[in-house]
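Data block below; observations after.
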Amino acid sequence: MPELPEVETVRSTLYNLILNRKIESIDVYYIKIIKDINVTEFIKRLVGKSIKDIKRYGKYLIFILDDVALISHLRMEGKYFIKEQSEVINKHEHIIFNFTDGSSLRYHDVRKFGTMDLRDLDKIYTTNPLLKLGLEPFDKLMTVKYLKSKLQKKEVAIKTCLLDQTIFTGLGNIYVDEVLFLSRLNPQLKASKLKDKDYQNIIKNAIEVLNKAIALGGTTIRSYTSSLGVTGLFQNELNVHTKKGEPCVICNTLIEKTRVNGRGTYYCPNCQK
DNA sequence: GTGACCACCTGGCCGC
DNA sequence: TGCGGCCAGGTGGTCA
């Protein structure tokens, strides 16, 4: 599924491909992707506008148009494709932005979980969905002090906390497993039990894992396959996620799979006690 | 305020 | 071969 590295890969690819293209028309085939605004208004606000910039915060893509921002979350299987308008519409392409040059940007989502919000440019970060987000690991304000303030009273598993986007933005199930492995922390350990050194390790390893994943174009496993012709390579660098029954790269103990808060969770029972 | 649980969705996989 | 059930999982909503 798209996490921060995959979304960043999509962002940078789209940036190079569709900047300054002008929207001529929009076809909406599944309206529930559009939030907080009706389809007519959604189309009205975007048609005639040009894409001036494409940003990212956490797992959200932010298309900056002339006077409005389109905030897109890919959720589980959302993808963007650029095709000629004459090409056949795939049954999973739910929203199509047709540009004046004859090309189109197509939002493809097999499971229809993705969302799109429109916001005024001066309200992008001061309204939801972005308002409630916590800090990315790259943020200067992401410190031991910040993380401790958020986690020291939490009586839930550390994995659950790291998946909480209001605390730690950008990590999803894959990368949380990897960060906890590198930090030698059991995913089921209560967050309140962590020490300063653990917070420091989590931040350091999150930055390391995400930077490496971004450099490799993200992770391509199971449901998250190539988007825009870009296929990530970080799956080759995974230590524990999807490695059930395989030997740990450090101690050779077999990787186990369990569930934490309903999420499939992979860990080394020896390294992550 | 916190934590647990469910709904949203569809394709793939497995057992019968 | 066909069918039913389960699983995958990010986020928002609801409830205790």
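To find a chain, count down the sequence lines: A is the first, B the second, and so on, and within it residues start at 1.
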From the options dT11(C), dC8(B), dT10(B), select the nucleotide whose nearest atom is closest to the side chain of R263(A). dT11(C)
Fit a plane to each ring of F97(A) and F42(A), take the angle between them on a 0 to 90° scale, and name the class: parallel (under 30°), tilted (30 to 60°) or perpendicular (over 60°). tilted
D177(A) has an atom CG; how far is it from atom P of dG10(C), in whole Å? 10 Å
Does the side-chain ring of F113(A) sit on the six-membered ring of the dT11(C) base, less than 5.5 Å centre to centre and under 30° in tilt? no
Would you mind reading off the distance between N173(A) atom CG and dC7(C) atom P, rounded to a whole angstrom? 15 Å
Has K257(A) got a side-chain N or O lying under 4.0 Å from the OP1 or OP2 atom of dA8(C)? yes
L162(A) has an atom CG; how far is it from atom P of dG9(C), in whole Å? 16 Å
Is it the case that dG9(C) (base atoms only) and R75(A) (side chain only) share a donor and an acceptor within less than 3.5 Å, ignoring hydrogens and angles? no
Side-chain N or O of K112(A) less than 4.0 angstrom from OP1 or OP2 on dG11(B)? no
Tell me what K35(A) touches on the nucleic acid: a base, only sugar-phosphate, or nothing, going by heavy atoms under 4.0 Å. nothing
Answer yes or no: does a side-chain N or O of R259(A) lie under 4.0 Å from OP1 or OP2 of dG9(C)? no
Plane angle bin for H108(A) and H92(A) - parallel if under 30°, tilted between 30 and 60°, otherwise perpendicular: perpendicular
Is there a side-chain polar atom (N or O) of H73(A) under 4.0 Å from OP1 or OP2 of dG12(C)? no
Rounding to a whole Å, what distance do you find between E77(A):CD and dA8(C):C1'? 8 Å
Is there a donor and acceptor pair closer than 3.5 Å between the side chain of R111(A) and the base of dA8(C)? yes
Could you check whether any side-chain N or O of T169(A) sits under 3.5 Å from a backbone N or O of G134(A), counting only pairs where one atom can act as donor and the other as acceptor? yes
NZ of K150(A) versus C1' of dT2(B): gap in Å, rounded? 14 Å
Would you check if I64(A) and I51(A) make a side-chain contact, meaning some heavy-atom pair closer than 4.5 Å? no
Let me know which of Y266(A), Y175(A), F181(A) forms a side-chain contact (heavy atoms from CB on, under 4.5 Å) with H241(A). Y266(A)
Could you pick out which residue, Y266(A) or P129(A), lies toward the 5' side of DNA chain C when each is mapped onto its nearest nucleotide? Y266(A)
Hey, is the side chain of Y60(A) poking within less than 4.0 Å of OP1 or OP2 on dG10(C), counting only N and O atoms? no
Mind checking if G264(A) touches a base, just sugar-phosphate, or nothing, with heavy atoms under 4.0 Å? sugar-phosphate
Under 4.0 Å between a side-chain N/O of K154(A) and OP1 or OP2 of dG1(B), yes or no? no
Assign K190(A) to base, sugar-phosphate, or nothing according to its heavy-atom contacts below 4.0 angstrom with the strands shown. nothing
Is there a residue in residues 163-171 of chain A whose heavy atoms reach under 4.0 Å of DNA chain B, and which residues are they? none
Nearest atoms (heavy-atom pairs only) where A69(A) meets I62(A): CB-CG2, 4.2 Å
Nearest-nucleotide pick for K32(A), side chain only, options being dG3(B), dC8(B), dA8(C): dC8(B)
Students often mix this up, so state it plainly: with edges at 30° and 60°, are the rings of H94(A) and Y107(A) parallel, tilted or perpendicular? tilted
Rounded off to whole Å, could you give me the CD1-to-P distance for the I31(A) and dC9(B) pair? 11 Å
Rounded to whole angstroms, how far apart are CG on D109(A) and P on dT10(B)? 10 Å
Any Lys/Arg nitrogen of D109(A) or R111(A) sitting under 4.0 Å from an Asp/Glu carboxylate oxygen of the other? no
Which sits closer to the 5' end of DNA chain B, N261(A) or V110(A), going by the nucleotide each is nearest to? N261(A)
Heavy atoms only: give me the nearest E3(A)-L171(A) pair and the separation to one decimal. OE1-C, 3.8 Å
Could you tell me how far apart L74(A) (CG) and dT11(C) (P) are, to the nearest whole angstrom? 11 Å
For K59(A) and dT11(C), is the shortest distance between a side-chain N/O and OP1 or OP2 below 4.0 Å? yes
